[in-house]
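We number each residue from 1, following the sequence as shown.
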Amino acid sequence: MSDSYCLDNTGDGETERAGGKRKAAASDETGENKESSKSPASPQHCHWLMKSEPESRFENGIDVKFGIEDLKALPNQTSCWDGVRNYQARNFMRQMKEGQLAFFYHSNCKEPGIAGIMKIVKEAYVDHTQFDKKDVHYDATSKPANPKWSMVDVQYQRMMKRFVPLSELKKYHLQHRAKGGPLKDMVLFTRARLSVQPLTTEEFDFVLSLEDKQPL
């Protein structure tokens, strides 16, 4: 994402801009280049995993770092989740409903994994960064009359009791794939590069339970 926070005060997309942050992990945003008019297949999801980069990395002179501590430090601990440039990830964001929970996942860093929990506080609306020529996520093919990209607003809820690393989640995924279990089909491993991913209730609850357990 390209702004450290966005506050929609007008209801028509006017935003307050500050800084140059990004909340869509770059390494996870490659993928489909052709737009699909269809939303992802049902069932509709109610839990999410959203990736962002907690370590400094510069694109066109702009530091795209945005970790959970950055979200926590913002006014009202709330930010727009902009900069998503993958159609499937965008479509998942368009499914999100106010009040749903998402894991904040630290990506493209020394130790990737789940750092905390946030809540969707504003449902999908137009991502203004697609029209900003100075933004690293400017999209010259997207027009205000027919915008391609959307974003949601998220609010910090809490840190995980302990950081749950990708390496541990992968061990559970392999166990569950072999013997059965809630993480056997987790999108984090079947569509690993997506920066916005759905979770089943069983997946969300299992991952949440890990914070009370000793690491594998």
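- In this model, no donor atom of one side chain and acceptor atom of the other lie less than 3.5 Å apart for Ser150 and Arg90.
- Between Lys51 and Val84, the closest side-chain pair of non-hydrogen atoms is not below 4.5 Å.
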Item to complete: Check the pair Glu59 / Arg57 against salt bridge (Lys or Arg N to Asp or Glu O under 4.0 Å), numbers first and verdict last.
Response: CA-CA 7 Å; Glu59 285 190 24; Arg57 183 177 65 80; 2.9 Å; yes

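- Taking the side-chain contact (heavy atoms from CB on, under 4.5 Å) definition, one finds that Gln214 meets it with nothing, sequence neighbours left out.
- If you take OH on Tyr125 and CG on Asp153, they are separated by 3.5 Å, rounding to the nearest 0.5 Å.
- The OH atom of Tyr172 lies 15.0 Å from the CD atom of Glu203; values are rounded to the nearest 0.5 Å.
- Side-chain contact between Met118 and Leu101: absent, with no pair of heavy atoms (C-beta onward) separated by less than 4.5 Å.
- For Tyr156, there are no ring pair (Phe, Tyr, Trp, His ring centres under 6.0 Å) partners at least two apart in sequence or on another chain.
- A heavy-atom distance below 4.5 Å is found between the side chains of His45 and Gln95.
- Taking every heavy atom of both residues into account, Leu208 and Ile117 meet most closely at CD1-CD1, 3.5 Å.
- The side-chain hydrogen bond (donor to acceptor under 3.5 Å, both in side chains) test applied to Gln155 returns Thr78, not counting sequence neighbours.
- Residues passing the side-chain contact (heavy atoms from CB on, under 4.5 Å) test with Glu202 are Pro182, Thr200, sequence neighbours excluded.
- Residues Tyr138 and Asp132 are not in side-chain contact: their nearest non-hydrogen atoms beyond the backbone lie 4.5 Å or more apart.
- For the residue pair Phe92 and Leu194, the shortest heavy atom distance occurs at CE1-CD1, 3.9 Å.
- The two residues Cys46 and Gln100 have their closest heavy-atom pair at CA-NE2, 3.4 Å.
- With hydrophobic clusters built from ILVMFWY side chains whose heavy atoms lie under 4.5 angstrom apart, Val121 does not share a cluster with Phe104.
- Partners of Lys161 by salt bridge (Lys or Arg N to Asp or Glu O under 4.0 Å), not counting sequence neighbours, listed by chain and number: Asp212.
- Side-chain contact between Met96 and Trp48 is present, with heavy atoms from C-beta onward closer than 4.5 Å.
- Residues passing the salt bridge (Lys or Arg N to Asp or Glu O under 4.0 Å) test with Glu55: none are found, sequence neighbours excluded.
- A 4.5 Å side-chain heavy-atom check between Leu188 and Gln197 finds at least one atom pair inside the cut-off.
- Remark: Phe189 pairs with His173 by the ring pair (Phe, Tyr, Trp, His ring centres under 6.0 Å) rule, at least two apart or across chains.
- Ring to ring, His176 and Phe206 are close: their centroids are under 6.0 angstrom apart.
- Leu199 has its side chain within reach of Phe103: a pair of non-hydrogen atoms, C-beta onward, lies under 4.5 Å apart.
- Using a distance-only test at 3.5 Å, with no hydrogens or angles considered, no donor-acceptor pair links the side chain of Asn60 to the main chain of Ile62.
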Practice prompt. Could you walk me through whether Glu98 and Lys119 pass side-chain contact (heavy atoms from CB on, under 4.5 Å), step by step?
Written response: CA-CA 8 Å; Glu98 185 176 341; Lys119 181 170 66 175; over 6 Å; no

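- Annotation: the span from Thr129 atom OG1 to Asp82 atom CG amounts to 4.5 Å, rounded to 0.5 Å.
- To the nearest 0.5 Å, atom CG of residue Asn108 and atom OG of residue Ser195 are 12.0 Å apart.
- Partners of Pro54 according to the side-chain contact (heavy atoms from CB on, under 4.5 Å) rule, which considers only residues two or more places apart in sequence or in another chain, are His106, Cys109.
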For residues 139-147, tabulate all N or O donor-acceptor pairs below 3.5 Å that involve a side-chain atom, not counting sequence neighbours.
residue, atom, partner, partner atom, Å
Asp139, OD1, Thr141, N, 2.9
Asp139, OD1, Thr141, OG1, 2.6
Asp139, OD2, Thr141, OG1, 3.4
Asp139, OD2, Trp149, NE1, 2.8
Thr141, OG1, Lys148, NZ, 2.6
Ser142, OG, Gln130, OE1, 2.5
Ser142, OG, Lys148, N, 3.0
Lys143, NZ, Ala140, O, 3.1

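- Of all heavy-atom pairs spanning Glu123 and Val152, the tightest one is C-CG1, 4.1 Å.
- Inspection of the Ser56 and Asp63 side chains reveals an N or O donor paired with an N or O acceptor under 3.5 Å.
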Item to complete: Decide salt bridge (Lys or Arg N to Asp or Glu O under 4.0 Å) for Asp127 and Arg85; before the verdict, give the C-alpha distance in whole Å, the side-chain angles of both, and the deciding distance to 0.1 Å.
Response: CA-CA 10 Å; Asp127 179 349; Arg85 296 297 181 265; 3.0 Å; yes

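- For Glu211, the side-chain hydrogen bond (donor to acceptor under 3.5 Å, both in side chains) criterion is met by Arg158, not counting sequence neighbours.
- By the side-chain hydrogen bond (donor to acceptor under 3.5 Å, both in side chains) test, Arg177 pairs with no residue at all, sequence neighbours left out.
- When every heavy atom of Gln77 is checked against every heavy atom of Lys72, the shortest pair comes out as CG-O, 3.1 Å.
- Leu216 and Leu174 are members of different hydrophobic clusters when ILVMFWY side chains are connected at heavy-atom separations under 4.5 Å.
- To the nearest 0.5 Å, atom OG of residue Ser79 and atom CZ of residue Phe66 are 4.0 Å apart.
- The distance from the OH atom of Tyr105 to the CG atom of Leu166 is 3.5 Å, given to the nearest 0.5 Å.
- Taking all atoms of both residues into account, the shortest heavy-atom contact from Arg162 to Leu210 is NH2-O, 2.9 Å.
- Asp70 is not listed as a side-chain neighbour of Leu74, based on a closest heavy-atom distance of 4.5 Å or more.
- For Ser209, the side-chain hydrogen bond (donor to acceptor under 3.5 Å, both in side chains) criterion is met by no residue, not counting sequence neighbours.
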